[in-house]
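Take a look at the structure set out below.
Here is how names work: the chains are called A, B, and so on, in the same order as the sequence lines, proteins then strands, and each is numbered from 1.
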Protein chains: 2
Amino acid sequence: MIGVARTPYSQTKEIPKGLGAKHDAMGTLEILPEFETGLTDIEGFSHLFVLWVFDRSEGFELFGTVPIDGQPHGVFATRSPRRPNPIGLTVVELLRREGRMLHVRGVDMLDATPILDLKPYLSSIPAEKLRRGWIAGAEMRATK
Amino acid sequence: MIGVARTPYSQTKEIPKGLGAKHDAMGTLEILPEFETGLTDIEGFSHLFVLWVFDRSEGFELFGTVPIDGQPHGVFATRSPRRPNPIGLTVVELLRREGRMLHVRGVDMLDATPILDLKPYLSSIPAEKLRRGWIAGAEMRATK
């Protein structure tokens, strides 16, 4: 790991989930001193990919239900923590860097989560080209 | 690993790099039979995140140059393969699923690269909210 995430969440149930969940919680990515040099120039990017470990998740389930709807889905069609390789991926907004501390908005992992990697977010898929599978259906059912 | 990527690239130098590089190469994500159930419903998504291993990269460099420009940058401000945790992240377009084979566009990894995880791509950061750090400067210099 290259550091840990400091977030407001000490328990999974506190993390907003499901349709319309807002992920605008503030947090800090605390990078270990020996990796600080690797942060050079990162402050120029508005958004970062954070790769991290679901370190408090156990085992995996290839087909199961998630909080968003009551239907089971394949794990690779969800963001479930119970994955064969329990790696999480979050896009955060980088607000400010102070040395090896990155102050960010949009954390959705537990406090003290180990961080594996950071990458700059460079481009987006335009909304009109995105199809969001079962999520779109679940949203429609929820707003009926 | 949950599978391997089949791509047109047997050597790193064949992969398009640098400013304006197009990543529209076709490839196949071959998921191992024991994980096929986890793909259920994945065909509804137009784009996927692929997490994979830079398995032919050795060691890491916290501050170094990348093909895009001649300036050195911190590794976490680049997509360099020589990272502390050599995990790659690629957004691909899912064209078609045949059983445990996902036919995709946009591969940029070497052939036979181990895949760690797949996740649905659900939303984008709007272009007007993105700042792309040193990349934007390198692009301006390149087009002068």
Which of the residues [options] is involved in the greatest number of heavy-atom pairs with chain A at under 4.5 angstrom?
options                         : value
Ala77(B), Gly133(B), Gly38(B)   : Gly38(B)
Leu122(B), Ile125(B), Leu116(B) : Ile125(B)
Leu118(B), Leu94(B), Leu48(B)   : Leu118(B)

May I ask whether [X] and [Y] are part of the same hydrophobic cluster, defined by side-chain heavy atoms of I, L, V, M, F, W, Y residues being less than 4.5 angstrom apart, directly or through others?
X        : Y         : result
Val50(A) : Leu130(B) : no
Leu32(A) : Ile42(A)  : yes
Phe49(B) : Val53(A)  : yes

Would you check, one step at a time, whether the test side chain to side chain contact (heavy atoms under 4.5 Å, CB included) holds for Leu110(B) with Ile15(B)?
CA-CA 8 Å; Leu110(B) 290 170; Ile15(B) 302 175; 4.0 Å; yes
Tell me, for [X] versus chain B, whether the close heavy atoms (under 4.5 Å) come from the side chain, the backbone, both or neither.
X        : value
Pro72(A) : backbone
Leu51(A) : side chain
Leu89(A) : both

Non-hydrogen atoms of Val107(B) and Pro8(B) that approach each other most closely
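Residues Val107(B) and Pro8(B), closest heavy atoms: CG2-CD, 4.0 Å.
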Heavy-atom closest pair, residues Gly74(B) and Phe63(B):
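That closest heavy-atom pairing would be N-CD1, 3.8 Å.
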Top residue by heavy-atom pair count (under 4.5 Å) with chain B, among Pro120(A), Gly64(A), Pro126(A)?
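The answer is Pro120(A).
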Heavy atoms only, distances under 4.5 angstrom: which of Ile87(A), Val91(A), Leu39(A) has the most pairs with chain B? Name it, please.
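It is Ile87(A).
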Using only the distance criterion (under 3.5 Å, no hydrogens considered), which donor-acceptor pairs connect chain B with chain A?
unit_1	atom_1	unit_2	atom_2	d
Gly38(B)	O	Val75(A)	N	3.2
Gly38(B)	O	Phe76(A)	N	2.9
Thr40(B)	O	Gly74(A)	N	3.1
Asp41(B)	OD2	His73(A)	ND1	2.5
Gly44(B)	O	Arg131(A)	NH1	3.2
Gly44(B)	O	Gly133(A)	N	3.0
Ser46(B)	N	Arg131(A)	O	3.0
Ser46(B)	OG	Lys129(A)	O	3.3
Ser46(B)	OG	Arg131(A)	N	2.7
His73(B)	ND1	Asp41(A)	OD2	2.5
Gly74(B)	N	Thr40(A)	O	3.1
Val75(B)	N	Gly38(A)	O	3.2
Phe76(B)	N	Gly38(A)	O	2.9
Arg83(B)	NE	Asp117(A)	OD1	3.2
Arg83(B)	NE	Asp117(A)	OD2	2.7
Arg83(B)	NH2	Asp117(A)	OD1	3.1
Arg83(B)	NH2	Leu118(A)	O	2.7
Asn85(B)	ND2	Leu116(A)	O	2.7
Ile87(B)	O	Lys119(A)	NZ	2.6
Leu116(B)	O	Asn85(A)	ND2	2.7
Asp117(B)	OD1	Arg83(A)	NE	3.2
Asp117(B)	OD1	Arg83(A)	NH2	3.1
Asp117(B)	OD2	Arg83(A)	NE	2.7
Leu118(B)	O	Arg83(A)	NH2	2.7
Lys119(B)	NZ	Ile87(A)	O	2.6
Tyr121(B)	OH	Ile125(A)	N	3.1
Ser124(B)	OG	Ile125(A)	N	3.4
Ser124(B)	OG	Ile125(A)	O	2.6
Ile125(B)	N	Tyr121(A)	OH	3.1
Ile125(B)	N	Ser124(A)	OG	3.4
Ile125(B)	O	Ser124(A)	OG	2.6
Lys129(B)	O	Ser46(A)	OG	3.3
Arg131(B)	N	Ser46(A)	OG	2.7
Arg131(B)	O	Ser46(A)	N	3.0
Arg131(B)	NH1	Gly44(A)	O	3.2
Gly133(B)	N	Gly44(A)	O	3.0

Intermediate values then yes/no, side chain to side chain contact (heavy atoms under 4.5 Å, CB included), Ile115(B) and Leu29(B):
CA-CA 8 Å; Ile115(B) 300 172; Leu29(B) 311 180; 3.8 Å; yes
Tell me every residue that passes side-chain contact (heavy atoms from CB on, under 4.5 Å) with Phe60(B), counting only those two or more places apart in sequence or in another chain.
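Partners of Phe60(B) by the side-chain contact (heavy atoms from CB on, under 4.5 Å) criterion, ordered by chain and then number, come out as Phe35(A), Leu62(B), Pro84(B).
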